[in-house]
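Notes follow once the structure below has been shown.
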Amino acid sequence: MPSAGSSSRRAVQLAALLAMVVFFATQLAGALLPNVPLLVVASAGGLALDLYLQHKQPGLLSLLGKIRFDVVVRQLIRDMFLLVGLARVDGIDPTSEHAPLAVGVLLFYVVHFACQAAAVMVRRTRQLPFVTRNIDTSGLRLTDAPPRLFARQHARRLLRLAVPVTAGLVVTAATENALLGAVGLAVGLLIGIAGTIHLASWLLPRKRAVSEQAALEWLDTWLAEYQPTVGMYFSGGTSSAYQANMWLSTLAALDGKPIIVLRERFMVQKIDATDIPIVCLPKVANLMRLEHSTLKVLLHPANSGKTSQVLRIPSIKHAFINHGESDKLSSCNPYAKAYDEVWVAGPAARERYQLADIGVDDLDVVEVGRPQLAPIQPYAGKPTGEFLNVLYAPTWEGWDDNPGNTSVMLAGENIVRALLADPAVRLIYKPHPMTGSVVPEAGAANQRIKAMIAEANTQRSGARPGPEAEAELTRRAEELKALTTSTFRPSVDEMERMRVQGAPDPHRAARVEEAMATWENAFWASLPAWEHQIVTGPRPAIFNCFNQADVLISDVSSVVSDYLSSEKPYAVANTSGMSEEEFRAGFPTVRAAMILTPEATEVPALLDAVRNPEHDTLAAERAELKEHLLGPSDPPSLARFNQAALDLRAEAEERAVRMEARLAAEFPGQREANDAAEEMEMEAGADISDASEETAGV
């Protein structure tokens, strides 16, 4: 069933469409009768409604565009009806007054289409074959973006410039004074012409971007100077950036020169604050230029359709590192055999691949631990606070629509109800960000759970932190925002962002880490200890929520294995339909967990085991399972991960030596010829660059 919010949104959209039809019909009637008051009100009302919908319901207007009823057609009909009405008003002379107004309206649309043509040409010249971040791009001569109203918002531009035109025409209809209509047309035309000329100035050499060939040559030069050795490759949708973001700190700590390679332009801004250079290469042909760079290792936190494209580069070794491990089949995707190596946390994942029998050779599986888990604090014994902090972090429904993937639908409300019934429990609810994205029922259950928590908070009371706590949080949030976000002008485009987000301050990463820790402390200090919390944003992160929790309730997911690094008690909901014995046998990560049925009747016993460690019979098993899932604590995970990267890099370099020796043996003199050809290409590229700078007046 559709949600209440969805139903109300559809009702608003239908009402808007009906109002639009009424305005058009009324305007036509006012023009044909003629009825000047009707014509004036309908003309102004229709334009006002269109302007409103451009800001509040752009999705609805995009649907109208798909049926060829776009903004140009709508405004043209309104202007045509106005001109028809003016032609039928007795006080306006058809030859000396109406005809010039009609010509003025025609010129208005000529200017609009000229501006649109200029906008298309400017946008094409301002799109480079790649996007960068954290890289000094001064060599590309990037300029600020043109005003977005003229460059990218053609619908809003037309409607806003139509305001003085429509105002002049309706005043002419009301007063029978054609001069006022001419004034309105003149205002609209002058603004449109001035904006078009200003926009076209971005086509001049001093503002125009370098050519695609020159840009790619610049990229090759940068790669040669930076000399990347290890990188992370990522491709995905708008909600999948977290899969890459969890590896940023690990990638930054590796020996060598790290780099992040992306495929989707929008993803450049989805990557969290980092000092690592980011290069987005949308086209496969440009991606292949990495083959001639010093990059030897690419790490892959996720599979995607575009992953196969980069796997074609033989000079680079590829390791699949995943974005978390669980007992689900998605953690053993057959695609993994396409990589040179599969890096897993510990022995459990190695066994999982062998049991799955998907073609991954055991020799290609490398145990590296989970280096991101270092911030998770270990178990400190019996909770001492007034309230027991319970973290309920269910996963999402997944792509296969299996009801056992997430507990939200079948058990979530029962789990939350049981927790809320205990007056000494403080619930922290952190659902997966993709909950409800595939199965609407999961999203609806998620909303009901949030409503239950909000209602429970109204039944509680207690001391709240003073205003100084909120002020401290605000101050820390502003500090963190200043370090992790770039300030852009409203008209900013991709090229301007590249210029603004150039080479970062070399000490920024350390300051961001410190600011994040300070913000997290301020966040929890600003909240009452008795109040249940719903955490849905990217901050605080799941690991920070682990540190606040005395016990975790989750599903079969990577959250469980990550939480196990603390050795704190945890429970897993069994909504698979299996018996407890089958569930434990099928999912090794739940071996040291209390299993919750969909009815959640086991919750009181779970809470008792946390409050009274002598009743906790799974402590020793958690310690054993932790090592089985995550590997040994010594050497540290980061050291093992780094060594695996160095080893794989060495393999790539050995292969390069072998290929060079083979080439020299099979084709004597070929290497010297290749070197000479490359030298000639570099010299030609330098000549082209010099010529382009002279042309631009540099």
Side-chain angles (χ1 to χ4, degrees), residues 243 246-247 250 299-304 307 318-373 393-400 402 404-407 432 542 552 554-565 567 570-593 595 618 621-633 637 640-641 644 648:
Q243 299 171 352
M246 67 171 61
W247 288 104
T250 302
L299 309 177
H300 299 259
N303 296 311
S304 75
T307 301
H318 302 269
F320 181 57
I321 57 177
N322 214 333
H323 52 273
E325 293 181 5
S326 74
D327 293 323
K328 286 188 262 187
L329 289 177
S330 58
S331 290
C332 289
N333 193 314
Y335 198 101
K337 61 190 174 186
Y339 301 95
D340 295 288
E341 291 183 351
V342 176
W343 294 1
V344 299
R350 179 187 292 277
E351 295 171 4
R352 190 180 305 125
Y353 272 105
Q354 300 316 304
L355 289 172
D357 193 19
I358 56 173
V360 175
D361 194 317
D362 188 60
L363 295 175
D364 295 331
V365 178
V366 181
E367 297 176 28
V368 295
R370 285 273 283 162
Q372 304 100 320
L373 306 185
T395 189
W396 67 303
E397 57 271 24
W399 298 114
D400 57 2
N402 186 334
N405 286 342
T406 176
S407 59
H432 193 285
I542 186 68
L552 167 74
S554 188
D555 303 323
V556 176
S557 70
S558 60
V559 168
V560 169
S561 54
D562 288 349
Y563 185 82
L564 254 173
S565 66
E567 297 187 31
Y570 70 104
V572 176
N574 176 13
T575 56
S576 64
M578 302 178 184
S579 66
E580 180 172 333
E581 292 74 19
E582 293 172 327
F583 191 61
R584 289 187 184 276
F587 303 105
T589 54
V590 309
R591 194 176 72 200
I595 307 302
L618 297 169
E621 199 157 4
R622 285 197 300 275
E624 180 185 337
L625 183 58
K626 170 189 172 182
E627 183 162 339
H628 185 59
L629 291 176
L630 304 175
S633 301
S637 175
R640 286 185 282 149
F641 194 97
L648 197 56

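Residues Arg640 and Glu367 approach most closely at NH1-O, 4.1 Å, considering heavy atoms. Across all non-hydrogen atoms, the minimal contact from Arg622 to Glu567 is NE-O, 2.9 Å. Scanning both residues, Pro301 and His323, for their nearest heavy atoms gives O-ND1, 2.9 Å. The nearest pair of heavy atoms linking Ala349 to Val344 is CB-CB, 3.4 Å. Contact record, Glu627 with Pro347: O-CD, 3.7 Å, taken as the closest heavy-atom pair. In plain terms, the two heavy atoms of Ala644 and Val368 that are nearest each other are CB-CG1, 3.8 Å.
Side chain of Thr395 to main chain of Thr406: no donor-acceptor pair is present (N/O by atom type, distance under 3.5 Å, no hydrogens or angles). With hydrogens and angles ignored, the 3.5 Å screen pairs a side-chain donor or acceptor of Asp340 with a backbone N or O of His318. A side-chain donor-acceptor contact under 3.5 Å links Asp361 to the backbone of Leu363. Remark: the backbone N or O of Leu630 is not paired with any side-chain donor or acceptor of Arg370 at under 3.5 angstrom.
Counting only heavy atoms from C-beta outward, the side chains of Trp396 and Asn405 never approach each other to under 4.5 Å. At a threshold of 4.5 Å between non-hydrogen side-chain atoms, the residues Leu299 and Trp247 do not count as touching. Side-chain contact check for Ile595 versus Val590: some heavy-atom pair is nearer than 4.5 Å. The side-chain heavy atoms of Asp364 and Val342, taken from C-beta on, include no pair separated by under 4.5 Å. The closest side-chain heavy-atom distance from Thr307 to Tyr335 is below 4.5 Å. Residues Leu629 and Thr589 are in side-chain contact: their nearest non-hydrogen atoms beyond the backbone lie under 4.5 Å apart. Residues Ser554 and Tyr570 fail the side-chain proximity criterion, which asks for heavy atoms closer than 4.5 Å. A heavy-atom distance below 4.5 Å is not found between the side chains of Asn574 and Phe587.
The pair Glu621-Arg591 meets the salt-bridge criterion, since a charged nitrogen lies less than 4.0 angstrom from a carboxylate oxygen.
Between the CD atom in Glu341 and the CD1 atom in Ile321 there is a gap of 12.5 Å [rounded to 0.5 Å]. Distance check: Thr575 OG1 to Phe583 CZ gives 7.0 Å after rounding to the nearest 0.5 Å. Within the model, atoms CD of Gln354 and CG of Asp362 stand 4.5 Å from one another, a figure rounded to the nearest 0.5 Å. Ser579 contributes atom OG, which lies 11.0 Å from atom CZ of Arg584 (distance to the nearest 0.5 angstrom).
Relative ring orientation between Trp343 and Phe641 is described as perpendicular, the plane-to-plane angle rising above 60° on a 0-90° scale split at 30° and 60°.
The salt bridge (Lys or Arg N to Asp or Glu O under 4.0 Å) check on Glu351 picks up nothing, with sequence neighbours excluded.
For Ser558 and Ser561, the side-chain atoms include no donor-acceptor pair closer than 3.5 Å.
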